[in-house]
Amino acid sequence: MRIPRFFFLFLLFCLAFLALCPVLLLLSGAFMSPRELSENLGPMLAETEGYGAWSLLPREPTLRSVVELLLDSPEFFPMFWNSLWVTGGTLLGQMLVGAPAAWGLARFRFPFRRVFLGLYLVLMLMPFQVTMLSGFLVLERFSLLNTLWSLILPGVFSAFPVFLMYRFFRSIPEAILESARLDTKNAFQVFRYTGVPLGSAGMVSALVLGFLESWNQIEQPMAFLKEKSLWPLSLYLPTLSLERAGPAFAGSLLALIPAILVFLSGRDYLEQGIVAAAIKE
Amino acid sequence: MRKGRKRAGAAGFFFLLPSLCGTCFFVLFPFLDVVHRSFLSAISEEWVGLKNYAAALETPAFQLACWNTLRFSLVCMPALLVLSLFAGVFLHRQKELGKTLKTAFLFPVAVPVASMALVWQAVFHSKGMLNGLLNCLGIAPVDWMNTPAAFWVLVGSYLWKNLGYDIVLWLAGLSGISESLYEAARVDGAGEWKIFWRITLPCLRPAFFTVFALSLLRSFQVFREAYLVAGDYPHESMYLLQHLFNNWFRDLSFDRMAAGAVLLCLVVLALLLPLERGAEKEF
């Protein structure tokens, strides 16, 4: 029994290393000196003999690429801000509009409630291509194309956060709400002062997953934004080539940092959210 | 459903209203308009019946994209489910170590595809790192991006990104199996394999449908990875439905695109049916 156990453990460690490997490559790339980068990438760029090489630790770590990016790449910062604006606006809207909707679906009985719930479930699982044309047409009609609103508004009305928060609001015991209703007859106050605190795990899960989704979006800006100055980082970075490897690696790293911070601080909520959106208790 | 669990009343509808209005305005009504358009000629706006659908289905690019998408799902689904299930079963038994490894597997879920574009270029270039590694091992290099190998690069990217996601789902299913079942089996002298086949797998059956359906739907959304791997003009072995939609969009052939969107919507709805039946109890 002992041998297969260690064998599995070894396999899993290899897999886990593979999962982390691309990020490690990026990290070392961002801190490599230009000389080492051009040596490593030489066979790909200058058609010299041999193959590209890499090391997980740079020989002489330096911040030169990061500095070069900060000083000489004027196009980078507007895109970073675009990403921040879009993500921030989307998340704020999702909380303001989505949380009450989830509350209404979870804690009240009204006609067609099941139909609406089914609608949100189906919309949550539709690939973007299904609504791509319709989204484009409606944004065009209201001249929202080529503005950041074309990313924010459809994002705000995404079905996923509503469904996720619905699952969490559902699990609050009714007895607690009964006692809250003794204090106030106002349904909104019950939501605001009892529902929101008790369902906060669901809201944070929705924020974490929503952040990763929004920070990562490629299809939507590609379809709705022609103006390159409005692009978010997620659309801009894949257009960089290895020619200017230093700043490109540094830029990729800067785009990764917010996502890593959110991941590390919200790991448990991320897991809860993934599970809650899929499996019911 | 317990009695009195939900309060009757219109208040709930008012909570829902803003979100519902936005959804109707941005998603639902425009989509109904697209359904309508799918039966009209793009130029003269006359009723053409199913002509747009026929035109879309006859496009060779459509058939190629469908075939590639299907092939992609057929390859990825079993690989992803089996790999994540084994990792999940093993991690479930570890304590601290399992947590650390799970975090490592979940990490790619958080990594923006865009940040990895450059690394992927360097790794899969025909003179890139992977070929360098293969060369050291004495294996002939492969031109990853410009041959059918591109398809496997995409499969690998999908597995990389989604493994942790499925592991978390399996772990949730596994934690629902009562420990006493395992103990009883061990007392009866059942081996690890027998326990896995006779207890773990049958108990996971309800979770299986959900994990399968969600992974399948996520495999429709690999466009980001495809874009990461090959940009706008991929090798034809990884030309997916998403590329086709983008091309239609760029060529402004909205009539075909409308028909394609309706067809895709129907396919996804059909795939959702088993999931819906499981969710029935909840409503």
Side-chain angles (χ1 to χ4, degrees), chain A residues 8 12 16 19-20 22-23 25-26 43-44 51-54 97-98 100-101 103-105 107-110 114 117 123 125-127 129-134 137-138 154 157 162 174 187 212 215-216 218-219 223 233-234 237-238 240 242 248-249 252 255-256 259 263 271 274-275 278-280, chain B residues 5-13 15-16 18-19 22-23 26-27 30-31 34 87 90 101 104-105 107-108 110-119 121-122 125 127-129 131-132 135 165 168-169 172 207 210 214 217 220-221 223-224 227-228 242 245 257-258 261 264-265 268 282-283:
Chain A
F8 274 128
L12 278 180
L20 292 178
V23 179
L25 292 178
L26 173 63
M44 288 175 243
Y51 293 97
W54 209 254
V97 178
W103 181 253
L105 284 171
R107 309 304 315 194
F108 294 89
R109 204 195 301 261
F110 51 89
R114 286 170 57 163
L117 195 53
L123 286 181
L125 295 167
M126 279 293 160
Q129 281 71 28
V130 171
T131 53
M132 181 175 175
L133 180 59
S134 47
L137 292 172
V138 73
F157 296 108
V162 176
E174 180 66 19
L212 297 178
W215 192 255
N216 201 358
I218 286 180
E219 296 98 321
L233 271 182
S234 45
L237 287 173
L240 293 176
L242 288 169
F249 272 112
S252 299
L256 178 65
F263 174 76
E271 281 178 33
I274 289 175
V275 173
I279 302 170
K280 43 194 177 304
Chain B
R5 184 182 157 91
K6 282 186 297 297
R7 284 176 20 114
F13 186 70
F15 276 110
L16 179 64
S19 170
T23 307
F26 280 104
V27 186
F31 186 70
V34 162
F90 193 83
L101 282 173
F105 284 122
F107 194 56
V111 174
V113 161
S115 292
M116 286 299 113
L118 212 59
V119 174
Q121 273 188 50
H125 191 280
K127 287 189 159 190
M129 296 167 212
N131 275 342
N135 189 46
Y165 182 89
V168 168
L169 290 181
T210 325
L214 287 177
L217 289 167
F220 279 158
Q221 301 173 3
F223 177 71
R224 281 176 194 169
Y227 188 72
L228 150 85
Q242 293 92 330
F245 273 81
M257 203 176 159
L264 184 58
C265 179
V268 173
E282 177 172 20
F283 286 126

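What's counted below: heavy atoms across the whole structure, side chains too, no hydrogens, waters or symmetry copies. Everything quoted here is computed from the prediction, not taken from an experiment. In what follows, every chain begins at residue 1, and chains take the letters A, B, ... in the order their sequences are listed.
Scanning all heavy atoms of the two residues, the minimum distance from A:A187 to B:F15 falls at O-CZ, 3.7 Å. Scanning both residues, B:L169 and A:A278, for their nearest heavy atoms gives CD2-CB, 3.6 Å. Closest non-hydrogen pair, A:L125 versus B:V268, comes out as O-CG1, 4.1 Å. Heavy atoms only, all atoms of each residue included: A:V162 and B:S19 are closest at CG2-OG, 4.1 Å. Nearest heavy atom pair, residue A:P127 against residue B:L264, reads CG-CD2, 4.2 Å.
The most heavy-atom pairs under 4.5 Å with chain A, out of B:A261, B:A117, B:A114, B:S115, come from B:S115. When A:V138, A:L133, A:L240, A:L212 are compared by the number of non-hydrogen pairs under 4.5 Å with chain B, A:L133 comes out ahead. Ranking A:A255, A:A259, A:P100 against chain B, the residue ahead of the rest is A:P100, based on heavy-atom pairs under 4.5 Å. Among A:G98, A:P154, A:A16, the residue with the largest count of heavy-atom pairs under 4.5 Å with chain B is A:A16. Heavy-atom pairs under 4.5 Å with chain B peak, among A:L25, A:L237, A:L256, A:V130, at A:V130. Between chain A and the options B:V119, B:L118, B:N135, the largest number of non-hydrogen pairs under 4.5 Å is found for B:L118.
At a threshold of 4.5 Å between non-hydrogen side-chain atoms, the residues B:F13 and A:F108 do not count as touching. Residues A:L137 and B:P30 fail the side-chain proximity criterion, which asks for heavy atoms closer than 4.5 Å.
With a 4.5 angstrom heavy-atom cutoff, A:L233 touches chain B only via backbone atoms. For B:P18, the parts sitting under 4.5 Å from any heavy atom of chain A are the backbone and the side chain alike. Contacts of A:V23 with chain B are made by both backbone and side-chain atoms, with heavy-atom separations under 4.5 Å. For B:M116, the part lying under 4.5 angstrom from a heavy atom of chain A is the side chain only.
Between atom CZ of residue B:F245 and atom CD of residue A:E219 there is a gap of 12.5 Å, rounded to the nearest 0.5 Å.
Under the ring-ring contact (aromatic ring centres under 6.0 Å, His included) criterion, B:F26 pairs with A:F157, not counting sequence neighbours. Partners of A:T131 by side chain to side chain contact (heavy atoms under 4.5 Å, CB included), not counting sequence neighbours, listed by chain and number: A:F128, A:S134, B:V27.
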